[in-house]
Amino acid sequence: MIHDRPRPALPHGDHADGSHVHLPPASGGPADRPVRIGIGGPVGSGKTTLVAALCALLRDELSLAVITNDIFTTEDAEALRRADVLPHERIVAVETGCCPHTAIRDDIAANLDAAEVLETRLTTAHGPVDVTLVESGGDNLTAIFSRGLVDAQIFVLDTAGGDDVPRKGGPGVATADLLVINKVDLAPHVGADVDLMLSDARARRGGAPVLPTSLRDPTGAAAVADWVRGVLATWRDRSVLA
Ligand SMILES: Nc1nc2c(ncn2[C@@H]2O[C@H](COP(=O)(O)OP(=O)(O)O)[C@@H](O)[C@H]2O)c(=O)[nH]1
Ligand SMILES: [Mg+2]
């Protein structure tokens with residue numbers, strides 16, 4: 001028989017309702033397209049796991065699309081399909097064939113094309129898409145998304161990557177709209193000080209939110225899902241006001 005295991009209390013994260021995100025002006029009237037949210041961060045920090053968790057938490061209330069980026073494979077998209085977090089037609093892989101950050105920052109055409117084709121196809125078949133999640137291929141701390149590709153972005157670090165990483169900073173840590181510090185369940189095993197990671201991160205982010213997560217817990221991404229809801233609400237307001 002399966003029993004619930006006691007879970008360590010999460011360190012305190014910020015209130016992250018997405019309202020601080022600065023979105024571009026609407027170009028085509030109300031809800032002219034889904035809000036696109038990028039998920040970046042180093043290899044293995046938990047980006048695909050976070051995408052899966054967000055899909056599981058949001059799929060009953062929102063129409064979702066997912067784009068993954070891998071260098072030479074479609075592995076992340078296949079992993080998400082295997083996990084059955086969304087109907088398979090809602091998940092598309094981009095094979096970047098190049099340095100991952102090039103495809104999300106410098107030459108975004110393949111990702112933009114993939115987003116437009118996927119969103120149009122899903123809208124025709126099922127009605128408007130609310131949120132498109134774009135997972136970057138894992139890269140270093142400088143890899144952030146172009147604002148021409150996504151409207152808001154999450155940067156994912158993990159405790160096992162070293163608790164000095166937030167202190168070292170870089171554009172992902174400093175400028176992402178939401179910073180997630182994942183794998184807090186592993187912190188005691190890898191000697192990472194989560195409170196230090198949170199305070200170092202906050203010191204570099206000028207008030208933008210930081211959330212600790214453990215995605216071992218199926219509801220571990222609940223606060224991130226709330227942030228996504230907030231970003232979508234801000235996106236819709238901005239469309240109505242335009
Ligand atoms: N213990 C623990 N493992 C995690 C957590 N999040 C992700 N993982 C594991 O970390 C590994 C890498 O995750 P993945 O999502 O593929 O990372 P990505 O390369 O950033 O997409 C996988 O084995 C995940 O199961 C977490 O919060 N806690
Ligand atoms: Mg991945």
Side-chain angles (χ1 to χ4, degrees), residues 4-11 13 37-57 64-86 90-104 111 114 132-145 150 153-163 165-166 170 172-173 176 178-194 197-198 201 210-225 227-228:
D4 278 344
R5 282 182 297 165
R7 295 191 184 108
L10 280 180
I37 299 181
I39 299 177
V43 176
S45 60
K47 298 180 295 301
T48 306
T49 312
L50 178 61
V51 170
L54 290 174
C55 290
L57 290 168
L64 301 174
V66 171
I67 295 171
T68 64
N69 277 244
D70 287 299
I71 303 175
F72 295 121
T73 68
T74 57
E75 289 220 10
D76 280 357
E78 285 159 26
L80 290 170
R81 291 193 185 115
R82 272 198 307 278
D84 235 5
V85 292
L86 277 187
R90 289 181 177 268
I91 303 168
V92 159
V94 170
E95 280 184 55
T96 60
C98 61
C99 179
H101 76 232
T102 305
I104 61 161
N111 269 294
T132 300
L133 300 173
V134 184
E135 183 190 341
S136 160
D139 209 327
N140 62 36
L141 298 174
T142 67
I144 51 166
F145 286 83
V150 299
Q153 53 190 306
I154 303 172
F155 199 75
V156 184
L157 295 176
D158 73 298
T159 59
D163 65 6
V165 173
V173 170
L178 173 65
L179 180 68
V180 167
I181 298 190
N182 188 31
K183 305 192 191 180
V184 295
D185 56 302
L186 292 184
H189 307 290
V190 296
D193 180 340
V194 178
M197 294 181 82
L198 292 170
V210 186
L211 290 175
T213 56
S214 168
L215 300 177
R216 276 282 172 259
D217 176 347
T219 61
V224 184
W227 179 85
V228 171

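FYI, side chains are in, hydrogens and waters are out, and symmetry mates aren't considered; it's all heavy atoms of this structure. We count ligands from 1, going down the list as the structure has it; atoms in each ligand are counted the same way.
- With Trp227 as the partner, the side chain to side chain contact (heavy atoms under 4.5 Å, CB included) test is satisfied by one option alone out of Ile37, Leu54, Val180: Ile37.
- Contacts of ligand 1 (protein heavy-atom distance under 4.0 Å) are Pro42, Val43, Gly44, Ser45, Gly46, Lys47, Thr48, Thr49, Glu135, Asn182, Lys183, Asp185, Leu186, Ser214, Leu215, Arg216.
- No donor-acceptor distance shorter than 3.5 angstrom exists from the side chain of Lys47 to the backbone of Val156, with no hydrogens or angles considered.
- Excluding water, every protein N/O/S atom under 2.8 Å from the Mg ion (ligand 2) is given here by residue and atom: Thr48 OG1, Asp76 OD2, Glu135 OE2.
- In this structure Asp158 satisfies the salt bridge (charged side-chain N to carboxylate O under 4.0 Å, His left out) test together with Lys183, sequence neighbours excluded.
- With contacts defined as side-chain heavy-atom distances shorter than 4.5 Å, the pair Leu157/Leu141 qualifies.
- Not counting sequence neighbours, the partners of Ala65 by the side-chain contact (heavy atoms from CB on, under 4.5 Å) test are Leu118, Leu122, Val129, Thr132.
- Using modelled atom types, one finds no donor on one side chain facing an acceptor on the other under 3.5 Å when comparing Asn69 with Thr96.
- Asp70 and Asp76 get closest at one heavy-atom pair: OD2-N, 3.0 Å.
- By the 4.5 Å heavy-atom criterion applied to side chains, Thr213 and Leu50 are not counted as neighbours.
- Put simply, the residue from Leu211, Ile39, Asn182, Leu57 that forms a side chain to side chain contact (heavy atoms under 4.5 Å, CB included) with Val224 is Leu211.
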